[in-house]
Number of protein chains: 2
Amino acid sequence: MRRLARSTGLATLTLSIACAAAAQQELREVAADLFRPLPSTVPAVNDNPITPAKIDLGKALFFDPRMSASGVFSCNSCHNLATGGDDNMPVSIGHGWQKGPRNSPTVLNSVFNDAQFWDGRAADLAEQAKGPVQAGVEMANTPDNVIATLNSMPQYVEWFKASFPDEDDPVTFDNFAKAIEAYEATLITPAPFDAWLNGDDAALSDIEKTGLELFVDAGCASCHGGVNLGGEGYYPFGLVEKPGADVLPEGDKGRFAVTETAIDEYVFRAAPLRNIALTAPYFHSGAVWDLRTAVAVMAESQLGADLDEDEIDAITAFLGSLTGEMPEVVYPVLPPETASTPQPTGEVR
Amino acid sequence: MRRLARSTGLATLTLSIACAAAAQQELREVAADLFRPLPSTVPAVNDNPITPAKIDLGKALFFDPRMSASGVFSCNSCHNLATGGDDNMPVSIGHGWQKGPRNSPTVLNSVFNDAQFWDGRAADLAEQAKGPVQAGVEMANTPDNVIATLNSMPQYVEWFKASFPDEDDPVTFDNFAKAIEAYEATLITPAPFDAWLNGDDAALSDIEKTGLELFVDAGCASCHGGVNLGGEGYYPFGLVEKPGADVLPEGDKGRFAVTETAIDEYVFRAAPLRNIALTAPYFHSGAVWDLRTAVAVMAESQLGADLDEDEIDAITAFLGSLTGEMPEVVYPVLPPETASTPQPTGEVR
């Protein structure tokens, strides 16, 4: 009896493992159609060959607060690589203590987004990089002053020459942006979900796999797909039911400001979800601090789904598996100012 | 004739080299009485054993903007390790876009100063670290909110336990400051001048050696001596002749505010001069942008000396030999916030 029982138990166990393996393989096949794992190499970007010299220059520029008028803010201020590539505020504080209009998205893996900003108004990271440096509520600088600042420091001029060796006058605002884009393209964070997509069954826990299944079945993946689980398309916020004005303020009509087409009112780029557990608060308004709440808001407003607590837990657990390994960043030593470096000013124009 | 001439020439050359070597050795002996090279190891600090765990924790805290009320400023904002350990502004911009009262001094090598701040009001770096985090015009935080923030992130609690293993409740404001002190004690920048003090004749150029001689002969070293060429004593700014109110504003009476003794009016700690070429603008007022001008102001106001252009050039060149090798800093990955992390506020109380 005991022996028989044991033997039956073993058979059941073997069968159950076989079923689980088959189910997992099926889930992986579905997932492979919807998502893509991060590549193991730095992606190519349009018209901007990425070289080690350009990456280093871009890193210096990314961390240099002298790119702002006041000398207070660098790219890293609002896209802080120590805290998930964003700044953990509803909206960023910038020049003159002014608040920005929307939540700062993470710079991590942003090279894989189809376009940049919440409304996709910049086609790529180079175009994006030119925005905040000039925005009056952010870095409040001008291209001319950026170039004068860079030209005043011989080391920067050398770095631009090494990064753009075929150009006679490489210190330009375009190249400033291209160098930053090159650096940002290296900020890639492989996560447990990538390992699982790549075939490692043990990379996700049971609850994370359950969450992934729910994420797919409920329809989240329709908008949050691709390599970044988002960042690839534009959708009305409140497709099924508009959230309250605290989450979706009336004054910000999203992509409408870019296309001036009525159909784009309150349309936003689906947020890329990699490292989402690190980048509270959520949404373009930065109004929701808790990821579970954000999941519930999305389910209700976009899918008309009323998830129960266990389902929210599972999806939230799955989203946690998108938290990746941060790139190791050696903090740059920046060129010192010279007598001709424009002086910082905190003045609000 | 030719042979004789050659032989005489060689003898003269040999003699001249011997004289130069003797003169250099003499200069080095004088310098050895006035200055000390940086040690090759992290110095011990009072009541604060420095361990690798504590250094790592201190680094995280040093770079963490969530230590400020707004989430905008970290220690590194005003003591930026990318730009000479300071912020290159006359006075720092802090919470609510308010300006601080005095120029931010460099954090580099600051562990070797006898006391901290321009008026020496903090005995050591741990005491110093408690200042800006609470100052309304700087980080505008409270000890309670700092501790609540740290306790809300399990990774920080673990790091405090590892850093203070004998304490039951290690997450305290005192330990926060001690960890920062431990990290800052590692920020040491050996410079060409150290190599020369240590016996490497070639480490200083001729003009740098001439500048060193002038620095000693003119009397600069009376106040700017020791390992940091300053940071060891208090002296009236304007000992011989008061500089103008642009450089020495009347409202800031320096150490008088600490001691409330008339003799301490307009008395400041002699600025440590390591990396001075990287830390414009100069003086507690941050009013002078050019190092040559600062040298001339000092000579006139403190020594009554009217240096000529060549002398100013030479002293400035010598000061450049105090620019050291920056420590390699791997940018920290900070613990993510949780639901119980106090939210940032830019509100000015």
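Each chain gets a letter, A, B and so on, in the order its sequence line appears, and its residues count up from 1. Computation of the quantities below employed the complete heavy-atom set of this structure, encompassing side-chain atoms and omitting hydrogens, waters and symmetry-equivalent molecules. Here the structure is a predicted model, which is why all the values come from computation and not from measurement.
Interface check for chain A: of the options B/P336, B/G96, B/G71, B/G346, the most heavy-atom pairs under 4.5 Å are formed by B/G96. Annotation: maximal heavy-atom pairing with chain A below 4.5 Å, among B/V329, B/L278, B/V348, occurs at B/V329.
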Pairs table: donor-acceptor atoms between chain B and chain A closer than 3.5 Å:
residue	atom	partner	partner atom	Å
B/N76	ND2	A/Y331	OH	2.8
B/N80	OD1	A/Y331	OH	2.8
B/A82	O	A/L334	N	2.8
B/N88	ND2	A/E337	OE2	3.1
B/W97	NE1	A/G346	O	2.8
B/W289	NE1	A/Q343	OE1	3.2
B/V329	O	A/Y331	N	2.7
B/Y331	N	A/V329	O	2.7
B/Y331	OH	A/N76	ND2	2.8
B/Y331	OH	A/N80	OD1	2.8
B/L334	N	A/A82	O	2.8
B/E337	OE2	A/N88	ND2	3.2
B/Q343	OE1	A/W289	NE1	3.2
B/G346	O	A/W97	NE1	2.8

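Not counting sequence neighbours, B/F160 has no partner by the ring pair (Phe, Tyr, Trp, His ring centres under 6.0 Å) test. With sequence neighbours left out, A/A339 forms a side chain to side chain contact (heavy atoms under 4.5 Å, CB included) with no residue at all. B/A195 is linked by a side chain to side chain contact (heavy atoms under 4.5 Å, CB included) to B/D200, B/A203, counting only residues two or more places apart in sequence or in another chain.
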